[in-house]
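Report on one structure; see the data block that follows.
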Amino acid sequence: MAVSRLWAKEGIRFVVKWLKVYGLPKLPLFLARLAMKLGLPGPTWYKWKAASAGTGVILDEMIRAADDLGYDGQKVGQLAMSRIGEKQGSDLREQLGVTTMRDTVDVVMLANRFFDIEITLTETKDGEYVINADRCPWFGGMGNDGVPGWDVKPCAAFSTYEKAMVSAINPNVKLSYTEKRTTGGHTCRGVYQYKDKELGDGPASGVTPEMISLGKKPKKKAEAKAE
């Protein structure tokens with residue numbers, strides 16, 4: 001800090017050049033060159049951010065590719081993310097013993113940190129929890145550039161992942177979104193509620209997780225007749 005003030009006082013400017021790669025966070029160019037020259041792995045903080053950003057790029061490109069092939073890309077993305085959420089939610093429920101609504105909220109908040117998304121619990125009521133996304137590196141406009149092309153489709157697929165995880169942990173808990181930045185909101189807000197208040201955190205008999213259906217496979221285009 002003192003050095004920065006000294007440079008400013010003496011009129012010295014220090015310009016940082018950045019390595020910019022599609023789908024990855026920016027990295028100071030001199031660090032990238034130093035790592036290449038010495039054969040060193042990248043900084044831990046960069047690898048963490050690169051992994052989370054890369055996940056966003058893969059999801060986004062998967063949806064675009066499905067659209068190009070004639071499928072509903074958003075549904076394809078939702079199906080894939082739903083399966084991941086179901087499997088991870090089941091593992092967490094069995095191995096950590098998470099069953100209550102508060103357990104469910106805590107687990108989803110933890111899962112979001114793996115994707116470099118910061119979530120905070122903002123409000124609690126009787127049988128209801130409200131969470132806000134304070135920072136999301138994927139969608140531009142939250143103090144970040146975001147993943148190129150990231151819009152409502154991949155965001156909806158990721159939301160499906162969260163909902164599937166919630167259902168796998170406790171089928172009686174429902175996660176809904178009352179506001180999203182990808183649809184013009186000022187924040188991303190999720191609300192956790194019981195599907196059946198009388199059941200609470202007890203046995204959720206008769207309550208089944210909501211499944212995502214891919215729908216019918218599109219018809220193949222008629223092949224062009226040989227001349």
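Here the structure is a predicted model, which means the values were calculated and not measured. Because only heavy atoms are used, hydrogens play no part in the values below, and waters and symmetry mates are left out as well, while side chains stay in.
Under the 4.5 Å side-chain criterion, counting only non-hydrogen atoms from C-beta, Val166 is in contact with Val108. Looking only at side-chain heavy atoms (C-beta outward), Leu79 and Lys75 stay at 4.5 Å or farther from each other. By the 4.5 Å heavy-atom criterion applied to side chains, Asn170 and Met101 are not counted as neighbours.
Residues that satisfy the side chain to side chain donor-acceptor pair (under 3.5 Å) test with Tyr194, not counting sequence neighbours, are Asp201. Here Phe114 pairs with nothing under the ring pair (Phe, Tyr, Trp, His ring centres under 6.0 Å) rule; sequence neighbours left out.
Using a 4.5 Å cut-off between side-chain heavy atoms of Ile, Leu, Val, Met, Phe, Trp and Tyr, with links allowed through other members, Tyr177 and Val152 fall into different hydrophobic clusters. There is no path of hydrophobic side-chain contacts, each under 4.5 Å, that joins Ile58 to Ile117. Tracing side-chain contacts under 4.5 Å through hydrophobic residues (I, L, V, M, F, W, Y), one never reaches Ile169 starting from Val191; they form parts of separate clusters. Hydrophobic clustering places Phe115 together with Leu59 (ILVMFWY residues linked when any side-chain heavy atoms are closer than 4.5 Å, directly or through intermediates). The hydrophobic cluster containing Leu121 also contains Val173, counting ILVMFWY residues as joined when their side-chain heavy atoms lie under 4.5 angstrom apart, directly or transitively.
Salt-bridge formation is detected for the pair Asp116/Arg135: a Lys NZ or Arg NE/NH1/NH2 atom is positioned less than 4.0 Å from an Asp or Glu carboxylate oxygen. Between Arg102 and Asp106 there is a salt bridge, since at least one side-chain N of the basic residue sits less than 4.0 Å from a carboxylate O of the acidic one. A salt bridge links Asp151 with Arg64: the distance from a Lys NZ or Arg NE/NH1/NH2 to an Asp or Glu carboxylate oxygen falls below 4.0 Å.
In this structure a side-chain-to-backbone donor-acceptor pair under 3.5 Å is present from Thr160 to Ala156. Side chain of Glu179 to backbone of His186: a donor-acceptor contact under 3.5 angstrom is found. For the pair Asn172 (side chain) and Asp196 (backbone), a donor-acceptor distance under 3.5 Å is present. Without hydrogens or angle criteria, Asn112 side chain to Glu118 main chain gives no donor-acceptor distance under 3.5 Å. Counting only distance, with no hydrogens or angles, the side chain of Asp72 and the backbone of Gln74 share a donor-acceptor pair below 3.5 Å.
For Ala168 against Gly85, the heavy-atom pair with the smallest separation is CB-O, 4.4 Å. Considering all non-hydrogen atoms of both residues, Ile63 and Ala157 come closest at CD1-CB, 4.3 Å. Listed here is the closest heavy atom pair of Gly73 and Ala66: CA-CB, 3.6 Å. Scanning both residues, Met81 and Phe158, for their nearest heavy atoms gives CE-CD1, 3.9 Å. Scanning all heavy atoms of the two residues, the minimum distance from Ser82 to Ala164 falls at O-CB, 3.3 Å.
Taken to the nearest 0.5 Å, the CG atom of Leu92 stands 10.0 Å off from the OG1 atom of Thr104. Distance check, rounded to the nearest 0.5 Å: NZ of Lys195 to NZ of Lys197 gives 15.5 Å. Rounded to the nearest 0.5 angstrom, Leu96 CG and Asp91 CG are separated by 9.5 Å. Note: Lys180 NZ to Cys136 SG = 10.0 Å, rounded to the nearest 0.5 Å. Once rounded to the nearest 0.5 Å, the distance linking OG of Ser90 with CE of Met165 reads 9.5 Å. With rounding to the nearest 0.5 angstrom, the CD atom of Glu162 is 11.5 Å from the CE atom of Met109.
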